[in-house]
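Atoms considered below: every heavy atom in the structure, side chains included; atoms not considered: hydrogens, waters and symmetry mates. Lettering follows sequence order; numbering is per chain, from 1.
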2 protein chains.
Amino acid sequence: MVSIKDVASHAGVSVATVSRVLNAKGYVSEDTRKKVEQAIDELNYKPNEVARSLFKKQSKTIGLIVPDITNPYFPELARAVEDTAAKLGYTVILCNSDGKIQKEQHYMDVLMQKYVDGIILSSDTLSDEQIKALHIPVVSIDREISKDIPTIVVENKKGAKLATQFLQQKGRKRIAHIRGPVHIVNANERCEGYQEVVGNEQWFNESYIVNGHFEMDAAIEATIELLQRHPEIDGIFAANDTMAIGAIKAVHKLGKRTPEDIAIIGFDGISLSKATIPELTTIEQPIYTMGEKAAAMLIEFIEEKPIAETFYRLDVQLVERESS
Amino acid sequence: MVSIKDVASHAGVSVATVSRVLNAKGYVSEDTRKKVEQAIDELNYKPNEVARSLFKKQSKTIGLIVPDITNPYFPELARAVEDTAAKLGYTVILCNSDGKIQKEQHYMDVLMQKYVDGIILSSDTLSDEQIKALHIPVVSIDREISKDIPTIVVENKKGAKLATQFLQQKGRKRIAHIRGPVHIVNANERCEGYQEVVGNEQWFNESYIVNGHFEMDAAIEATIELLQRHPEIDGIFAANDTMAIGAIKAVHKLGKRTPEDIAIIGFDGISLSKATIPELTTIEQPIYTMGEKAAAMLIEFIEEKPIAETFYRLDVQLVERESS
DNA sequence: TTGAAAGCGTTACCAG
DNA sequence: CTGGTAACGCTTTCAA
């Protein structure tokens, strides 16, 4: 690899001068600047980012820690983060934590050792203090960890209410809910939203809520059980699209039809929701926008630019398709 | 951040000694080793990887360049790569090229500047020479670029034949093919496999092949057109699962049934294929294994370990589900 | 306007 | 067995 020294000697100047033109910083006469630029071109010189990082103590790299890139929600998020990071001159290191705290901790250590400039994090387990102890910018996405940490989430409760009310408007009388894991804030908020809408109906009781663990197979089983217990159910709100698809499959398995017998609505708006038959009605999150905003905000922190907002609760949108 | 100097003074030894115990290299007496280890513990010291990289000219980081992480084939691949990289002490930088050569080139430059130790690449446009000019290990995945570059691909033609023959075994008489983009090797090989099976049938002609560009929407249109031209078609082999799902939707739209009227089979085995109704019969690629092998092989190259094979054409497997 | 040199945190060589 | 020190490639301060 050609280094700054090579450029310097090729141009007949010192490395300091080359550095100055590289960074457009400090005085350089027009003449020597031209000479240097020519040398750079001729040698096809590219500055060594590692050496730069060492000196500057930052790396133009950010970490992205997600539970599992294989979970259909995250590819779009990752894409958004990477797109905007790239646009702003940053590179992104991808980490899959499986939601396990040891993995998260491990990745944080590794990322710190590599001098990453900041981290975008989707974690339910990491604490406020652990994150602050890093002493680098962190933004939390799709999870609320603390009011002190810049955060991007969506209107979970509102979306859940929207979903449930929509089912009511469609004339559904017995609406069940497939919830996500207990202790997960998103799951709880969506469940609360559902309960706010149907909690006071006289037919309602807790047995209309089952746990599908945000997974398709678990949701299939949960739905089958649910429908056997309550054959009168004519609408289901699932707390994410993956489970909603599980519900569709379960309904199908039991020989009933979606949406004729049982209307189903999901949450997230992953691309999968357009690929099923019937296509899934869902509460769509602005996933790409979330990733975009997270990356942009993180980089504003890194570059110490003025920051308008540090907490975004983005709006969601009902997308009506065929399943309800 | 605490540095090796802090550890050294805290332990009352020189930095050289600390470095020796850190790397378990060179002589260190049991006694001083203990002292140093204690100092490391007490200060919670973690070596600075950037400084290491600068000296060693390698970064324990690999680049992963894919067209688009949002394409359902790649998350699983990325996960496999990241898992095995992490296991071996490496970190992965994710890059989305959109298959555009300028983006690919740009990322290669950036990655080189960051001293990545190697790159896993899924590209149809980059040439042999461009890759060799990097002078770092590269493995090509899901694409054959050159015999000189370590490569991991699958039995495309064999899989395509398997798919087409399977449809025949199911008693289908007029089998059409939705192919991927021209110029894409994978698409061509799969198309060839199809033609080898039905090319000699007397009914066959080129109009039974349409191009779905590996995309769902394009495949829907292509299928509708196809079925209007050839209402006698009773089986469709789509060159990837995304298009196969498009085909299912098109068939549905035309008021026909899958598989009763038209049997459909896909290719890839993405997780989506289990989520549709009906579930998709497909030729499954060992995606996770491919990513695993790619990462493991790349790292063997990086660490100059002996390498058994440098070209893998992995087998595919027919997974029969409901769509045929 | 330019250059010399220190320093970023490591590793590895050479003495002792 | 241990320590001093040059070197990795760059940026920035200080002098000239």
Side-chain angles (χ1 to χ4, degrees), chain A residues 1-37 39-40 43-61 89 109-117 136, chain B residues 1-37 39-40 43-61 89 109-117 135-136 303:
Chain A
M1 276 250 111
V2 17
S3 85
I4 197 171
K5 273 189 198 165
D6 304 317
V7 177
S9 58
H10 192 266
V13 299
S14 74
V15 296
T17 303
V18 178
S19 175
R20 276 187 210 104
V21 347
L22 241 36
N23 300 288
K25 209 180 233 175
Y27 293 99
V28 181
S29 78
E30 190 64 6
D31 248 28
T32 56
R33 197 170 56 79
K34 287 231 174 79
K35 268 195 303 188
V36 171
E37 277 167 355
I40 289 175
L43 300 178
N44 189 28
Y45 166 73
K46 301 265 166 41
N48 179 328
E49 282 300 332
V50 174
R52 268 189 175 166
S53 296
L54 182 58
F55 187 91
K56 302 262 217 95
K57 293 181 185 305
Q58 43 148 296
S59 57
K60 290 276 181 181
T61 301
D109 286 347
V110 171
L111 293 175
M112 289 307 290
Q113 291 184 54
K114 300 214 171 178
Y115 271 167
V116 299
D117 300 334
I136 61 169
Chain B
M1 276 252 111
V2 17
S3 84
I4 197 172
K5 274 188 196 164
D6 303 317
V7 177
S9 58
H10 193 267
V13 299
S14 73
V15 296
T17 303
V18 178
S19 177
R20 274 186 215 107
V21 348
L22 241 37
N23 300 288
K25 209 181 233 174
Y27 293 100
V28 180
S29 77
E30 191 63 6
D31 248 29
T32 56
R33 198 168 55 79
K34 287 232 173 79
K35 270 195 302 188
V36 171
E37 277 166 354
I40 289 175
L43 300 177
N44 188 27
Y45 165 74
K46 301 265 169 37
N48 179 328
E49 282 299 333
V50 175
R52 272 190 173 164
S53 296
L54 181 58
F55 187 90
K56 303 263 218 92
K57 292 180 185 307
Q58 42 149 291
S59 57
K60 290 276 181 181
T61 300
D109 286 348
V110 172
L111 293 175
M112 290 306 291
Q113 291 183 58
K114 300 216 172 179
Y115 270 167
V116 299
D117 301 333
H135 300 295
I136 61 168
E303 300 183 345

Subject >> By side-chain hydrogen bond (donor to acceptor under 3.5 Å, both in side chains) - contacts of A:S29 (at least two apart) >> reply: A:T32
Subject >> All salt bridge (charged side-chain N to carboxylate O under 4.0 Å, His left out) counterparts of B:K46, not counting sequence neighbours >> reply: A:D109
Original post:
By salt bridge (charged side-chain N to carboxylate O under 4.0 Å, His left out), which residues pair with B:K35, not counting sequence neighbours?
Top reply: none
**OP:** Using a 4.0 Å cut-off on protein heavy atoms (strictly under), produce a 5'-to-3' string for nucleotides 7-12 of chain D with B for base contact, S for backbone-only sugar-phosphate contact, and - for none.
**Re:** BBBSBB
**OP:** Report the residues that fulfil side-chain hydrogen bond (donor to acceptor under 3.5 Å, both in side chains) with B:T61, sequence neighbours left out, ordered by chain and then residue number.
**Re:** A:K114
Original post:
Across the strands shown, which category fits B:S53 at heavy-atom distances under 4.0 angstrom: base, sugar-phosphate, nothing?
Top reply: nothing
Subject >> Partners meeting side chain to side chain contact (heavy atoms under 4.5 Å, CB included) with B:K57 (sequence neighbours left out) >> reply: B:Y115
Original post:
Sequence neighbours excluded, which residues qualify as salt bridge (charged side-chain N to carboxylate O under 4.0 Å, His left out) partners of B:D6?
Top reply: none
Subject >> Residues that A:K5 engages under side chain to side chain contact (heavy atoms under 4.5 Å, CB included), provided they are two or more places apart >> reply: A:S3, A:V15
**OP:** With sequence neighbours left out, write down each residue that passes side chain to side chain contact (heavy atoms under 4.5 Å, CB included) with B:K34, or none if nothing qualifies.
**Re:** B:E30
Subject >> Value rounded to 0.5 Å, distance of CG in B:L54 from CD in B:E49 >> reply: 12.5 Å
**OP:** Please name all residues satisfying side chain to side chain contact (heavy atoms under 4.5 Å, CB included) with A:S14, sequence neighbours left out, ordered by chain then number.
**Re:** A:A16, A:T17
**OP:** Report the end-to-end axis angle of the helix from C:dT1-D:dA16 to C:dG16-D:dC1; each axis comes from five terminal pairs, and the value is rounded to 10°.
**Re:** 50°
Original post:
So where does chain A start and stop touching DNA chain C, 5' to 3', when the test is distance under 4.0 Å to a non-hydrogen atom?
Top reply: C:dT1 to C:dG9
